[in-house]
Asker: 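Here you go, one structure.
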Amino acid sequence: MIKNSIIFRSRYVLSILIVFVLLAATIIPENPLYNLNWTLLSTVIVFMGIMAFFWQFEKQQVSSKMIALIATMSSLAAVSRIAFSAIVSLQPATFIIMITGYVFGAQIGFMVGAIAALVSNFFLGQGPWTPWQMFCWGMCGVFASILSLKEEEFRLISFTVLAGLCGLFYGWVINIWHWAAFMYPLNAKTFLAVYASSIVFDGIHAVGNVVFSILFAGTFYRILCRFRKYV
Amino acid sequence: MLTYQFKDNFIFKLHPFTQMTFIGIVFILSLIFSHPVYLLGLLISVWAVIAAAGNLSEWKGYMKFCIIMVLFIVVINALFARAGTTIIYSGPEIPVIGSLEISVEALAYGLGMSIRLLVIISIFCLYTYAVNPDKALRLFSRLGGKSVLAITLSVRLFPLMMKDFQRISEIQRCRGVKLVTGSWWKRARNSIPIISIMLLSGLERSLQLAESMYARGYGSSPRSYYDKDLWRPRDYFILIVTAIALVIGIWSAVMGWSAFSYYPVLEHINPLELIGAGIIAITLLVPAILNWGWMKWPILKSRI
Amino acid sequence: MADIKIQDLTYYYPETNKPALKKINLEIIEGQFVIIVGNSGSGKSTLLRTISGLAPGFYNGTLMGKIFLDDAETAQLSRYELVQEVGIVFQNPESQLVMMNVEQEIAFGLENLGLPYKLMKRRVMEMSSSLGLSAHLDSYVAELSGGQKQKVALAGVLAMHPGILLLDEPTSQLDPVAAEELLNIIRRLNEDNGTTIIMIEQRLERCCHLADRILVMENGGISADLKAGTRANRLWLQKAPAAYLPPLPRLFASAGYEELPLTVKQGRQLIKSYIPDRKAGSKINWYPDEPPVSGVDPRKDLVDIRNLWFSYPNTGEALKNINLKIREGDFIAVLGENGAGKTTLLKNINGLLKPSRGSIQVAGKDTRELTIEEMALSVAYLSQDPNDYLFLPSVREEIDFTIKNLKLSEDGYSEEIIRDLKLDGYIQCNPRDLSAGERQRVALASVLVSKPRLLLLDEPTRGLDYQLKEQLGKLLQEINQQGTAVMMVTHDVDFAAEYAQDICLMFDGGVIERGSKYEVLQHSTFYSPQIGKLFNNIADDAITVDEGVKVLLELTRSINNEKVSAL
């Protein structure tokens, strides 16, 4: 009910598309935007993408329950990012954000992802990566919510596959920034080089997401659905 | 628990808006500039301000992590950039990459970008350690009160949930849940009770928090904002000099002075074009200079 | 400020058929101090929620009947108006505070009201000085103690200047000293400012001397409305249901006395009035039949702690040179103030922490050589919050989870535990839906299935009412008699005196004294139960309710005898 009313208006899809097209435009040679400062532009665009979601959130009627829910889930994701690495040297933050997005819809999913990244960096250290992490995790929540619209009921397999893909997505978007900020020339070779050098990390992230999804998704889905009726 | 720890010096006693403006302008300038001297100027100023703030030891920690990225940038650029003409090493044919050629220009580019990275990392280091996150967030509460409230609440819950995590894992270990020993897969599976309890208790608490917010009238009328940070002459002063730095920075970017072409041959450095870099570095050094003056002449504390 | 008038109030939570409140009619005049008692599920919290507009505003559900503040019906008031009339403070400070620092937290409600900055500043200043929080205005909330956090929560509500203050068990999560301080603040509010106070409180001995009126709730209705009248008048005590009587009047009631004292002072005056010509130093001789056992104790040592020192990496020494033995069949209560090292000691015994110096042997083995999982077989640990145990969808699974983890054989012992802990009725329920007392029993069952030889408890009585405390105490005694040694950390001296055998006093990381509860508690001023204080210098060795009753009966018997012989 939440996901139908607030979320899936076409302008959301549109704004996401615009962000991606602009991002692509800054890194693909031979177009009018090519001559601009890519680093600056890509950061600005990602920043605008984040702001767009926050702006939507500000315009809504937001109940105290929604604020508390978003804060709780993002804090849980942020804590898990730090605490779990001690046990299994992986962190289920991406998974937690995705399952929240799946159950509560794109708006809450994005907010939880973005805030989780921001807040955990208050304790780990902020860096130029912060807006990119905010954006990527937020989008992981949005993707999961899109999946929930496509499905009649929760299916572990599709969720797990998406979780794996989101792990790759996360790394790949962050790579774009690495590449655009510090590489020259911006061509296919350096692009591939950056991607090749991070493939192990991205792979581990994806595998971690799959594992956590298999282990936790059922429990989390049940608990969050039980809670949804209070919000 | 927060990375921010208050220290009694000039940098920490600036208005959060002044701090954020300084940091934001250095960040923007570092992205605009590609000239190594301009970037170096920024790096020196930021370094001096971090030193003035007393966060050099933390900065060193950041730098250690940074070295890996610097090496990465230099190596990748050296290996893949083909636009350079001054070849200093040419090696055998390597699959995918092609023939191995390392040029002075590619090395220089890698180094130039490394300076940019150091500036960016340093300025974020300053932000991480010297800006009170609570106050920084509050600057935005007039723009986005709801988001800022959600973020603030999340930061407030963080240490609480960290304690929950520790307590719950101890308790579950006493129930025979193995978290330290056993195979990787078993440990991962054994973390289910912990994360489930954190989720369940967290959600219960979120309802109680919401109830308390509701009972204190959240959403019953347009909010006002309680903001106790005061403005002092030092803030206006720093804001003015950083604004000067920004203007000069943009101007030298428009004039093309702060740009540097690495390829195909390294551009000659024109000393006249470096005047901008000098002025910017000096203006951005002002906070560090004032901090020094403040330590030396305590009377300055009461004047600014 | 206003009088509260409630007419025919009935309330249903959403998706329930059973009303949480049934036809309540109630009038509370301005400035009254009202205490509500009742079991869990009696509707007391719901009543506060309806008065403050949380039900149905926050909870939805259906409300029938009317609530008036003077002449205004609360349903007609906007929330903006209502929150400035009625403020509410809840049980757990952690789940009320939303801001990172104290000053912001106090200002939160004021911001919600959209007040101008100057006014907010003034109110924050007034509240923080009157509640003694000025020194902490810049502190992070996370750095405060539990009592300070609750004061901040109270300040945040009071800053909105409500004429009516509702409190839902505000002291249940606090230690006795902090609870006392908070109650003093509440009393001052009522006396100095005339604020109407409606407070739910389980432990009447802490606060009933403050109240004008005591409401007893049962099954969604008010079953007794006791006017405490002037605060010295104790007649209401005779009418109150026995279950809600504080320990002291209950003692006199069960010994058949008509007049019931509320404080130790009143009790001693009462006793002295029966024996006016008591010679100095003479005591009531009530002794039970058997003399105290002396000689060598035949029981074996279960835990042997020798020269134990423990330091945390960042905060320094927490335990200093502790020597302590726990024998089989012991029931020890560990008393001491916050930060004395009580919990650290427990964690050293169950292997969560390993000694920095010295050694701990549990059943003959050094804890350094055992993993926590191995120790879990012989030492069970129940922490403060039962929620930290419960995550499975039914009680049965929750208990089986431990069995599976510790690879125990399924020999029907779990059935025995379920029966002993009176959980038969809930076996398929979701533990999270149960009441606090039931949740605690589920958690206890889930650690007891391993048939431990030692049970460690950390503040088991926090938040429990008299009945639940009594149930728990008897349960622990049963477990103890079946052969499990029990060691509990507590702030509740009365509970320790009533059920434990031995007391261990801790202070500043060391054990100050360890001995039988009669030796340790009898003549202490601070760590003495109410009954011990009552009979101090009047009768020896009387610190439990049972013993107290015997003394009182002996007293009446001797008076009767004297009367007979005088005839």
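In what follows, chains carry the letters A, B, and so on, assigned in the order in which the sequence lines appear, proteins first and then strands, with residues in each chain numbered from 1. Because only heavy atoms are used, hydrogens play no part in the values below, and waters and symmetry mates are left out as well, while side chains stay in.
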Asker: Which one, S30(B), S147(B), A150(B), G202(B), leads in non-hydrogen pairs under 4.5 Å with chain A?
Answerer: S147(B)
Asker: May I ask you to check whether F212(A) and F95(A) place their ring centres under 6.0 Å from each other?
Answerer: no
Asker: For each of I194(B), I192(B), T152(B), tally heavy-atom pairs with chain A at distances under 4.5 Å, and name the one with the top tally.
Answerer: I192(B)
Asker: Could you tell me which residues in residues 126-135 of chain B have at least one non-hydrogen atom under 4.5 Å from a non-hydrogen atom of chain A, sorted by residue number?
Answerer: Y127(B), T128(B), P133(B)
Asker: Only pairs of heavy atoms separated by less than 4.5 Å count here; which of N190(B), L160(B), L207(B), L149(B) has the most with chain A?
Answerer: L207(B)
Asker: Whether the S213(A) and T160(A) side chains hold a donor-acceptor pair (N or O, under 3.5 Å, no angle test) is what I'd like checked.
Answerer: yes
Asker: For this output row, return yes or no: ring centroids of F154(A) and Y102(A) closer than 6.0 angstrom.
Answerer: yes
Asker: Please find out if less than 6.0 Å separates the ring center of F191(A) from that of Y195(A).
Answerer: yes
Asker: Distance only, no hydrogens: is a donor on one side chain within 3.5 Å (strictly under) of an acceptor on the other, for S80(A) and Q91(A)?
Answerer: no
Asker: Top residue by heavy-atom pair count (under 4.5 Å) with chain B, among Y230(A), F84(A), W55(A)?
Answerer: F84(A)
Asker: Would the F47(A) and F135(A) ring centres measure less than 6.0 Å apart?
Answerer: no
Asker: Can you check whether H35(B) reaches S252(B) side chain to side chain, under 4.5 Å on heavy atoms?
Answerer: no
Asker: Which answer fits L76(A), side chain, backbone, both or neither, if we ask what part of it has an atom under 4.5 Å from a heavy atom of chain B?
Answerer: both
Asker: Using non-hydrogen atoms and a 4.5 Å limit, figure out which bit of F140(B) sits close to chain A: side chain, backbone, both or neither.
Answerer: neither
Asker: Name the region of F158(B), side chain, backbone, both or neither, that has any atom closer than 4.5 Å to a heavy atom of chain A.
Answerer: both
Asker: Pick whichever of L209(B), L200(B), I195(B) has the most heavy-atom pairs under 4.5 Å with chain A.
Answerer: I195(B)
Asker: Please classify the contact of T72(A) with chain B as side chain, backbone, both or neither, using a heavy-atom distance under 4.5 Å.
Answerer: both
Asker: In terms of heavy-atom contacts, does NZ of K64(B) have more than 12 from other residues, nucleotides or ligands at under 6.0 Å?
Answerer: no
Asker: When the ring planes of F220(A) and F216(A) are compared, do they come out parallel, tilted or perpendicular, using 30° and 60° as the limits?
Answerer: parallel
Asker: So, R81(A) versus S120(A): side-chain donor-acceptor pair below 3.5 Å or not?
Answerer: yes
Asker: Between L69(A) and L203(B), is there a side-chain heavy-atom distance shorter than 4.5 Å?
Answerer: yes
Asker: Any side-chain donor paired with an acceptor under 3.5 Å for D202(A) and S198(A)?
Answerer: yes
Asker: Out of T130(A), L90(A), V62(A), V119(A), which one racks up the most heavy-atom pairs below 4.5 Å with chain B?
Answerer: V119(A)
Asker: Is Y218(B) close to chain A through its backbone or its side chain, or both, or neither, when contacts mean heavy atoms under 4.5 Å?
Answerer: side chain
Asker: Sort F123(A) into side chain, backbone, both or neither according to what part of it lies under 4.5 angstrom from a heavy atom of chain B.
Answerer: both
Asker: Name the region of Y262(B), side chain, backbone, both or neither, that has any atom closer than 4.5 Å to a heavy atom of chain A.
Answerer: neither
Asker: Picking from G145(B), G112(B), S169(B), A106(B), which has the most non-hydrogen pairs under 4.5 angstrom with chain A?
Answerer: G145(B)
Asker: Does the side chain of R216(B) come under 3.5 Å of the side chain of S212(B) through a donor N or O and an acceptor N or O?
Answerer: yes
